[in-house]
Amino acid sequence: MSPSEFTLHAWRRISGRSISEEGIEAALVHGRRYWNQGREVYRLDRRSIRKAKRFGLQLDAFEGIHVVVGSNGDIVTVYRNKTGKKIPR
């Protein structure tokens, strides 16, 4: 799944929080997906990073990045939280 666009809110959050486009891409491609309040969320946690290391990828700098994707496919917001709560299965 590849979000088509960023909302204005997302752009403000990305620049204000100094989150790189590489980090967003890493979360979308390698992060764990879950649903929260009707939106898809991709989280790049330690487990995802360990899995990516098996393929030779170094994603440690992006740990904790969350990307929230709206129902229309746009990225709604992006934030970093290394102490996130457990993802429901």
In short, salt bridge (Lys or Arg N to Asp or Glu O under 4.0 Å) pairs touching residues 9-23 with sequence neighbours left out are none

[Y] side chain reached by [X] side chain, heavy atoms, under 4.5 Å:
X   : Y   : answer
I24 : F6  : yes
D74 : V69 : no
I75 : T7  : no

Across all chains, not counting sequence neighbours, the side chain to side chain contact (heavy atoms under 4.5 Å, CB included) partners of V41 are Y34, N36, H66, V68

Output for pair (S48 OG, H30 NE2), nearest 0.5 Å, gives 9.5 Å

Show me the donor-acceptor pairs within less than 3.5 Å that the side chains of residues 53-64 make with the rest of the protein, sequence neighbours left out.
{"from": "K53", "atom 1": "NZ", "to": "D60", "atom 2": "OD1", "distance (Å)": "3.4"}
{"from": "K53", "atom 1": "NZ", "to": "D60", "atom 2": "OD2", "distance (Å)": "3.4"}
{"from": "E63", "atom 1": "OE2", "to": "R46", "atom 2": "NE", "distance (Å)": "3.3"}

For H9 and V76, the nearest pair of non-hydrogen atoms, with its separation, is CD2-O, 3.2 Å

Residues at least two apart in sequence or cross-chain that pass side chain to side chain donor-acceptor pair (under 3.5 Å) with K51, listed by chain then number, are none

Using a strict 4.0 Å threshold on nitrogen-to-oxygen distance, state whether D45 and R47 make a salt bridge. no

